[in-house]
Amino acid sequence: MRSSFRIAIAGMAAMVAAGSMAACGTTDDLAGPAASGDRELVLGYSAPYLKDQFQVAVADAVTAEAKERGITTLQVTDANNDAGQQVTQIQNLIAAGATAIALIPRDSSAIVPALDYAKARGVPVIMLDSAPTSGPAALTIRSSSEGMGQQVCQAMGKQLGGQGTVLELQGDLASIAGKERSEGFLNCMKESFPSIKIVSTPTKWQSDVAGSATATALASTPDLRGIYMASDTAMGTAVLSALNGAGKLVPVGDPRHIALYGIDGGAAALDAIRAGTMDGTVSQPVDLYAKYGVDAVQHVFTGGTFSDGPSDHDSEIRQCCSNESQEDLLPTPMVTKGNVDSKDLWANQ
């Protein structure tokens with residue numbers, strides 16, 4: 001496997017050699033387990049919760065990718081939606097022998113002490129899906145959450161002809177991903193479709209909250225014409241159930257149809273798009289999070305760093321998190337009935 005990043009600098013002579021090969025992209029330098037000095041690369045993975053398909057898929061994909069490359073992995077931890085517990089679990093992973101950590105943060109601010117703890121012990125951290133507000137993460141591999149919110153806004157706003165009321169089911173605004181998915185959507189609506197009224201409800205990624213908010217909106221908002229879910233994997237089943245209970249889970253073309261869009265691209269959302277009861281969703285590149293996440297783990301473990309600018313995998317690396325670290329922003333396709341069966345979508349793999 002070729003390296004997926006441009007090298008800025010490397011420390012020792014051996015690291016320089018590895019970095020130079022990666023920069024040229026001409027060798028299979030990431031084929032086996034990496035080692036830094038006398039240490040073996042042992043990967044710990046920390047999940048914020050394992051209650052929806054997206055979180056499970058990322059955890060499974062990262063550990064499978066690592067094992068395929070011969071990297072020792074520890075058992076995945078599940079913070080069960082508790083930010084403090086996630087910090088403790090990361091400390092425990094390091095105590096159990098992890099020499100590198102990959103994670104999705106439950107809370108973008110609360111995760112910072114864990115990043116500081118890992119850095120003090122020489123353990124690099126690669127973050128996925130959501131960036132920290134600050135702190136020494138080596139790299140965050142994610143998609144532009146703001147951009148995904150804008151994608152939904154443009155598709156829904158045009159479909160509704162710029163009129164009506166839309167229910168926004170926000171994620172957790174304590175996470176960068178939740179905050180930016182909301183901001184991208186709301187700012188785009190304000191600028192491009194100012195006549196659409198937005199009713200925003202925070203859900204903290206909780207399915208029952210999303211379902212209850214949907215049922216309330218359906219009963220109290222006669223002109224409700226659209227619903228935007230910040231995560232279809234966390235909220236989709238409950239929202240579809242609420243629509244069905246209200247007699248409004250009907251296909252596009254029916255005058256009772258309520259436009260339904262989301263982010264993540266889980267299997268249930270894709271099935272609803274096939275059925276015509278959901279209009280579209282932005283698919284996150286779960287397979288690429290795993291591929292480039294493990295690339296990054298091996299790269300930083302051997303002393304590599306990253307340069308801002310275009311990568312060699314159709315993305316952009318840039319400064320983030322109060323300029324304390326960097327992020328690699330991967331592209332995200334909008335899924336509609338026209339491309340819902342694409343084998344490139346993670347939920348179809």
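Start at 1 with the first residue, then count along the sequence.
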Self-check item: From CE (Met334) to CD (Gln151), nearest 0.5 Å
Solution: 5.5 Å
Quiz prompt | Separation of Ile263 CD1 from Met229 CE (nearest 0.5 Å) | solution = 10.0 Å
Self-check item: Least distance between heavy atoms, Val152 atom then Val282 atom
Solution: CG2-CG2, 3.8 Å
Quiz prompt | Donor-acceptor contact present, side-chain Ser315 to main-chain Leu330, <3.5 Å | solution = no
Quiz item: Between the side chains of Asp328 and His313, is a donor N or O closer than 3.5 angstrom to an acceptor N or O?
Solution: yes
Quiz item: In Å, rounded to the nearest 0.5 Å, how long is the span from CG of Asp129 to CD1 of Ile176?
Solution: 11.5 Å
Quiz item: What pair of heavy atoms forms the shortest contact from Pro333 to Leu345, and how long is it?
Solution: CG-CD2, 4.0 Å
Quiz item: Are the side chain of Ser182 and the backbone N or O of Gly178 linked by a donor-acceptor pair below 3.5 Å?
Solution: no
Quiz prompt | Side chain Asn348, main chain Lys343, donor-acceptor under 3.5 Å | solution = no
Quiz item: If only atom types and distance count, is the side chain of Asp254 paired as donor or acceptor with the main-chain N or O of Arg256 below 3.5 Å?
Solution: yes
Quiz item: Which atom names give the shortest non-hydrogen contact between Pro285 and Pro331, and what distance separates them?
Solution: CG-O, 3.9 Å
Quiz prompt | Residues, nucleotides or ligands: over 12 heavy atoms within 6.0 Å of Glu191 CD | solution = no
Quiz item: Do Leu43 and Lys67 come close enough that some side-chain heavy atom pair is under 4.5 Å?
Solution: no
Practice problem: Verify the cluster assignment for Val87 and Tyr45: are they in a single hydrophobic cluster under the rule of side-chain heavy atoms below 4.5 Å apart? | Solution: no
Practice problem: Give, for atom CG of Asp172 and atom CZ of Arg181, the distance between the pair rounded to the nearest 0.5 Å. | Solution: 11.5 Å
Practice problem: Side-chain contact test, heavy atoms from C-beta onward, threshold under 4.5 Å: evaluate it for Trp205 versus Ser175 and give yes or no. | Solution: yes
Quiz item: Out of curiosity, does Val239 fall in the hydrophobic cluster containing Met278 (side-chain heavy atoms, cut-off under 4.5 Å, transitive links)?
Solution: yes
Quiz item: Do any N or O atoms from the side chain of Thr63 and from the backbone of Asp60 form a donor-acceptor pair under 3.5 angstrom?
Solution: yes
Self-check item: Val42 backbone acceptor or donor facing Thr99 side chain under 3.5 Å
Solution: yes
Quiz prompt | Worked check of side chain to side chain contact (heavy atoms under 4.5 Å, CB included) between Ile126 and Val294 | solution = CA-CA 9 Å; Ile126 297 297; Val294 177; over 6 Å; no
Quiz item: Is there a path from Val199 to Met235 through hydrophobic residues (I, L, V, M, F, W, Y) whose side chains come within less than 4.5 Å of each other?
Solution: yes
Practice problem: State whether a side-chain donor-acceptor pair under 3.5 Å links Ser46 with Gln86. | Solution: yes
Practice problem: Give the intermediate values and the outcome of side chain to side chain contact (heavy atoms under 4.5 Å, CB included) for residues Gln154 and Phe193. | Solution: CA-CA 9 Å; Gln154 289 295 333; Phe193 308 102; 3.9 Å; yes
Exercise. Mind listing the closest non-hydrogen atom pair of Gly162 and Ser195 along with its distance?
Key: O-CB, 3.3 Å
Quiz item: Is the charged tip of Arg121 near the ring of Tyr117: under 6.0 Å from the six-membered ring centre and within 45° of its axis?
Solution: yes
Quiz item: Out of curiosity, Leu224 CG to Lys197 NZ, how far, rounded to the nearest 0.5 Å?
Solution: 10.5 Å
Practice problem: Output yes when a side-chain donor or acceptor of Gln53 lies under 3.5 Å from a complementary backbone atom of Ala267, and no otherwise. | Solution: yes
Quiz item: Taking atom CG of Asp314 as the centre, does the number of heavy atoms from other residues, nucleotides or ligands within less than 6.0 Å exceed 12?
Solution: no
Quiz item: Given the rule in the side chain to side chain contact (heavy atoms under 4.5 Å, CB included) test, do Leu93 and Gln89 qualify, once you have shown the distances and angles that lead to the verdict?
Solution: CA-CA 6 Å; Leu93 284 169; Gln89 289 176 340; 5.5 Å; no
Self-check item: Pairwise distance CG(Leu167) to OG1(Thr214) - rounded to 0.5 angstrom
Solution: 5.5 Å
Quiz item: So do the side chains of Thr73 and Val62 get within less than 4.5 Å of each other, counting heavy atoms only?
Solution: no
Quiz item: Between Val209 and Lys204, is any pair of side-chain heavy atoms under 4.5 Å apart?
Solution: no
Quiz prompt | Ser307 side chain near Ile317 side chain, heavy-atom distance below 4.5 Å | solution = no
Quiz item: Is the side chain of Ser130 donor-acceptor paired with the backbone N or O of Ala177 at a distance under 3.5 Å, no angle test?
Solution: yes
Quiz item: Counting only N and O atoms by type, is there a donor-acceptor contact under 3.5 Å from the side chain of Asp223 to the main-chain atoms of Gly164?
Solution: no
Quiz item: Can you get from Leu218 to Leu249 by hopping between Ile, Leu, Val, Met, Phe, Trp and Tyr side chains that sit under 4.5 Å apart?
Solution: yes
Quiz item: Would you call Glu324 and Lys119 a salt bridge, taking side-chain N to carboxylate O under 4.0 Å as the test?
Solution: no
Quiz item: Which heavy atom in Val300 sits nearest to a heavy atom in Ala138, and how many Å separate them?
Solution: CG1-CB, 3.9 Å
Self-check item: Asn339 (side chain) donor-acceptor with Thr336 (main chain) under 3.5 angstrom
Solution: yes
Quiz item: Would you say the side chain of Met148 lies within less than 4.5 Å of the side chain of Gln284, judging by non-hydrogen atoms?
Solution: yes
Practice problem: Would you kindly say whether Ser200 and Glu168 are connected by a side-chain donor-acceptor distance under 3.5 Å? | Solution: yes
Exercise. Tell me, with the steps shown, if Asp341 and Arg274 meet salt bridge (charged side-chain N to carboxylate O under 4.0 Å, His left out).
Key: CA-CA 9 Å; Asp341 293 321; Arg274 292 184 182 99; 2.7 Å; yes
Quiz item: Of the non-hydrogen atoms in Gly122 and Pro124, which two are nearest, and what is the gap between them?
Solution: O-CD, 3.5 Å
Quiz prompt | ILVMFWY network linking Phe306 to Met127, side-chain heavy atoms under 4.5 angstrom | solution = no
Quiz item: Is any side-chain heavy atom of Ile111 closer than 4.5 Å to a side-chain heavy atom of Leu103?
Solution: yes
Quiz item: Step by step, would you call Thr277 with Leu260 a side chain to side chain contact (heavy atoms under 4.5 Å, CB included)?
Solution: CA-CA 8 Å; Thr277 52; Leu260 181 61; over 6 Å; no
Quiz item: Where does the angle between the aromatic ring planes of Phe54 and Tyr289 fall among parallel (under 30°), tilted (30 to 60°) and perpendicular (over 60°)?
Solution: perpendicular
Exercise. Answer yes or no: is there a side-chain heavy-atom contact under 4.5 Å between Met156 and Ile196?
Key: no
Quiz item: So, are Lys51 and Asp78 salt-bridged, with charged N and O less than 4.0 Å apart?
Solution: no
Quiz prompt | Polar side chain donor-acceptor pair, Asp279 to Gln159, under 3.5 angstrom | solution = yes
